[in-house]
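Every chain is numbered from 1 and lettered A, B, ... according to where its sequence line falls, protein lines coming before strand lines.
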Amino acid sequence: MLGHYGQTAKSDARRSTFAADSNNPRPMLQVSVLKEQTDRVLAGLAKKHYPTGPADVAAILDLDQRRRALQTSHDAAQAEANDLARQIGALMKSGDKAGADALKVRTTELKQHTKTATDELTQVELAIQQLLYKLPNLPHASVPEGRAAADNELVREHGAIPTLYAGAQPHWELIKKYDIIDFELGIKITGAGFPVYKGQGARLQRALVNFFLDEAREAGYTEVQPPIVVNEASATATGQLPDKEGQMYHDAKDDLYLIPTAEVPVTNLYRDEIIPVEKLPIRNTAYTPCFRREAGSWGADVRGLNRLHQFDKVEIVQITQPENSYAALDGMVAHIENLLQKLGLPYRVLRLCGGDMGFTSALTYDLEVWSAAQGRWLEVSSASNFETYQANRLKCRYRADGGKTQLLHTLNGSALALPRIVAALLENNQTADGIELPAVLHSYCGFSKIG
RNA sequence: AGAGAGGUGGCAGAGUGGUCGAAUGCGACGGUUUCGAAAACCGUUAUACCGGCAACGGUAUCGGGGGUUCGAAUCCCCCCUUCUCUACCA
């Protein structure tokens, strides 16, 4: 895969289809980190193959210095003006109109000064912010060097690759054969990429959603049902805006966006919050449909259920104290693996290299299942730790021991996205007379076999 | 959707142009008292940024944005939102 810096629609679309996660945030690094750990930042940017790191960091630090000078100057002028205003008030009260008018002269000067300083400050802050938005998150130390998917590290592989019978077919044939998912109908009522699930297909969808949610709840995640359209502020906080509006469906009349993943509304639950330490870690799960325009996607890998405009997904989100976030990430991966094991799907876990991982992530594991009839691995989940990168934009904090507020770490992963799971279940379990579903789904579905 | 009334600190609730970051009460935290607790009393109790080693000082924030003014929680405009009534609807 491409997707080096995550800024092109093309590479993002490729990376992110069902992996909730890489589509996500474009928040930013903190200026204080750039200032205090410049070397570490530059090394991290290099590992992510970000080309203009040194120049951008230098420019930001420069602008920040300018910003502080302006702030100081503005504050001093404003302080003097406030003081004069108080004096004028006192003079007016005592009837000394002439004395008051005399002070107003200076006040007018100061007003001009603060206005100039404020305007310039606004510009400088905007410039800083724009540069910060360009910088990707720093990779964790364990992230392998590399530019592309081939450089990803295979962490482990689980399960035997099934051998199919002679008449085996890819899922886009199987869904017609058993009449369980209908693309033609979806085209009629909406358009390409909006399939209609019918009969056992619809029941299988519902079964998977319930299975995933139950498993998440048992693993300690609290279920939430968020809105699936969000306002501009929410889409901005998780980083879809600005500059990825092309990937989201937009209702112009009310200026609302259809979510590309539950991560957007669920993470925004904690925007602008100082979370009491006893509520940490936050562990939420949510089932939602996800909508993606997938502008710029093409090619053979979009066939069938591999890439859709609307699909269902159960997402898990965690917000933790910084020292706990990597243990939390391991726990999320273990949870996802457990789901795949219960479904009996062969899978592998990859640690993404610096060039292939998402723009905003510090460490990402991809989980891929083997699709037997297509003969390839399909990404079904991706679990990431964003450290403070996203929290900085969200302003999601807690009060540390010293009483000082501190940014939290945010993480999320799909557990799981349905379409490719369905594809793998259909393909891997097909027999000459029907598709045998894994035992764990029988009670959820109300049947054990399709066809 | 139409009419009316509101949005103030963790909560409740004063404040309609001047030293108001904001009375008062509750809650919370620290202390005095107590064998311990309660009560009482004293104190503390927002966020961000700037300056400072620090103590501390400054600036901004009373739903959001803009305006008037020497000075705005308070006046004006726009937006968001809550409640009541009407209309509608699952």
Side-chain angles (χ1 to χ4, degrees), chain A residues 27-36 60-129 131-132 225-237 241-242 250-257 265 268-280 289 388 390-408:
Chain A
M28 54 191 171
L29 296 169
Q30 300 164 82
V31 175
S32 62
V33 173
L34 303 194
K35 196 155 77 180
E36 287 153 21
I60 289 167
L61 293 180
D62 220 47
L63 282 166
D64 186 57
Q65 205 162 12
R66 177 77 187 134
R67 186 194 120 257
R68 296 204 310 275
L70 284 166
Q71 182 79 54
T72 305
S73 148
H74 166 271
D75 285 0
Q78 190 62 255
E80 188 182 344
N82 286 345
D83 185 50
L84 287 173
R86 275 187 284 268
Q87 289 182 39
I88 290 169
L91 290 170
M92 300 284 264
K93 205 170 266 181
S94 69
D96 185 355
K97 182 124 190 344
D101 285 343
L103 291 183
K104 284 187 191 177
V105 177
R106 174 66 179 149
T107 264
T108 308
E109 288 172 28
L110 289 169
K111 204 175 181 180
Q112 186 54 47
H113 182 91
T114 52
K115 170 119 176 60
T116 310
T118 303
D119 290 349
E120 206 175 331
L121 205 50
T122 305
Q123 284 179 26
V124 169
E125 281 171 350
L126 186 67
I128 291 173
Q129 195 185 54
L131 279 171
L132 282 174
Q225 276 191 17
I228 59 172
V229 293
V230 295
N231 58 30
E232 185 181 341
S234 294
T236 303
L241 299 177
H250 180 224
D251 166 20
K253 193 155 190 168
D254 292 311
D255 198 18
L256 296 172
Y257 295 86
N268 269 283
L269 257 25
Y270 304 98
R271 165 154 54 92
D272 293 322
E273 296 285 341
I274 297 176
I275 299 172
V277 72
E278 63 271 16
K279 297 213 166 157
L280 295 170
T388 60
Q390 188 173 35
N392 188 36
R393 180 91 157 255
L394 287 164
K395 287 196 295 226
C396 176
R397 296 159 294 169
Y398 76 111
R399 204 170 298 284
D401 280 345
K404 191 77 181 149
T405 59
Q406 196 174 323
L407 292 172
L408 288 159

What distance, rounded to whole Å, do you find between the two [atom1] atoms, one in [N] and one in [M]?
N	M	atom1	result
B/rC62	B/rG17	C1'	15 Å
B/rU24	B/rG15	P	15 Å
B/rA5	B/rG57	P	44 Å
B/rA38	B/rC29	P	10 Å
B/rA14	B/rG25	C1'	11 Å
B/rU86	B/rA22	P	44 Å
B/rC79	B/rG30	C1'	44 Å
B/rA37	B/rU32	P	11 Å

Could you tell me whether A/D62 and A/R66 make a salt bridge, using a distance below 4.0 angstrom between a side-chain N and a carboxylate O?
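So A/D62 does not pair with A/R66 through a salt bridge.
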
Phosphate contact ([N] OP1 or OP2) by [X] side-chain N/O below 4.0 Å:
X	N	value
A/R68	B/rC49	no
A/R397	B/rA48	yes
A/R399	B/rA46	no
A/R67	B/rC50	yes
A/T405	B/rA48	yes

Could you check whether atom CD of A/Q225 has more than 12 heavy atoms from other residues, nucleotides or ligands sitting under 6.0 Å from it?
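No, not enclosed.
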
Length of the [atom1]-[atom2] vector between [X] and [N], whole Å:
X	N	atom1	atom2	answer
A/Q78	B/rC49	CD	C1'	14 Å
A/L70	B/rU59	CG	C1'	14 Å
A/Q406	B/rA48	CD	P	12 Å
A/D272	B/rG63	CG	P	16 Å
A/R393	B/rA48	CZ	C1'	18 Å
A/Q71	B/rU61	CD	P	12 Å
A/D96	B/rG18	CG	C1'	16 Å
A/D83	B/rG57	CG	C1'	14 Å

Testing the basics here: between A/L29 and A/N392, what is the closest heavy-atom pair and its distance to 0.1 Å?
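Shortest heavy-atom contact: O-ND2, 3.5 Å.
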
Of all the heavy-atom pairs spanning A/L408 and A/A391, show the shortest one and how long it is.
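That closest heavy-atom pairing would be O-CB, 3.1 Å.
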
All stems with RNA chain B, defined as three or more consecutive Watson-Crick or G-U pairs under 3.5 Å:
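Looking at RNA chain B, the stems formed by three or more consecutive pairs are B:1-7 with B:80-86, B:10-12 with B:24-26, B:27-32 with B:40-45, B:46-51 with B:56-61, B:63-67 with B:75-79.
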
Quick one: what's the B/S/- string for nucleotides 68-76 of chain B, heavy-atom cutoff under 4.0 Å, read 5' to 3'?
--BS-----

Find the distance between [atom1] ([X]) and [atom2] ([Y]) and round it off to the nearest 0.5 Å.
X	Y	atom1	atom2	result
A/K35	A/Q30	NZ	CD	12.0 Å
A/I275	A/L280	CD1	CG	5.5 Å
A/S73	A/L121	OG	CG	9.5 Å

Given side chains that start at C-beta, do those of A/L34 and A/L132 come closer than 4.5 Å, heavy atoms only?
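In contact.
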
Whether the A/T72 and A/D75 side chains hold a donor-acceptor pair (N or O, under 3.5 Å, no angle test) is what I'd like checked.
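Side chains of A/T72 and A/D75: no pair found under 3.5 Å.
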
Got a donor-acceptor contact below 3.5 angstrom from the A/T122 side chain to the A/T118 backbone?
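Yes, because the side chain of A/T122 sits within donor-acceptor range (under 3.5 Å) of the backbone of A/T118.
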
Is the side chain of A/R393 donor-acceptor paired with the backbone N or O of A/T236 at a distance under 3.5 Å, no angle test?
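Yes; at least one donor-acceptor contact below 3.5 Å.
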
With nearest nucleotide decided by heavy atoms, which residue, A/I274 or A/K93, maps closer to the 5′ end of RNA chain B?
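By nearest-heavy-atom nucleotide position, the 5'-most residue is A/K93.
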
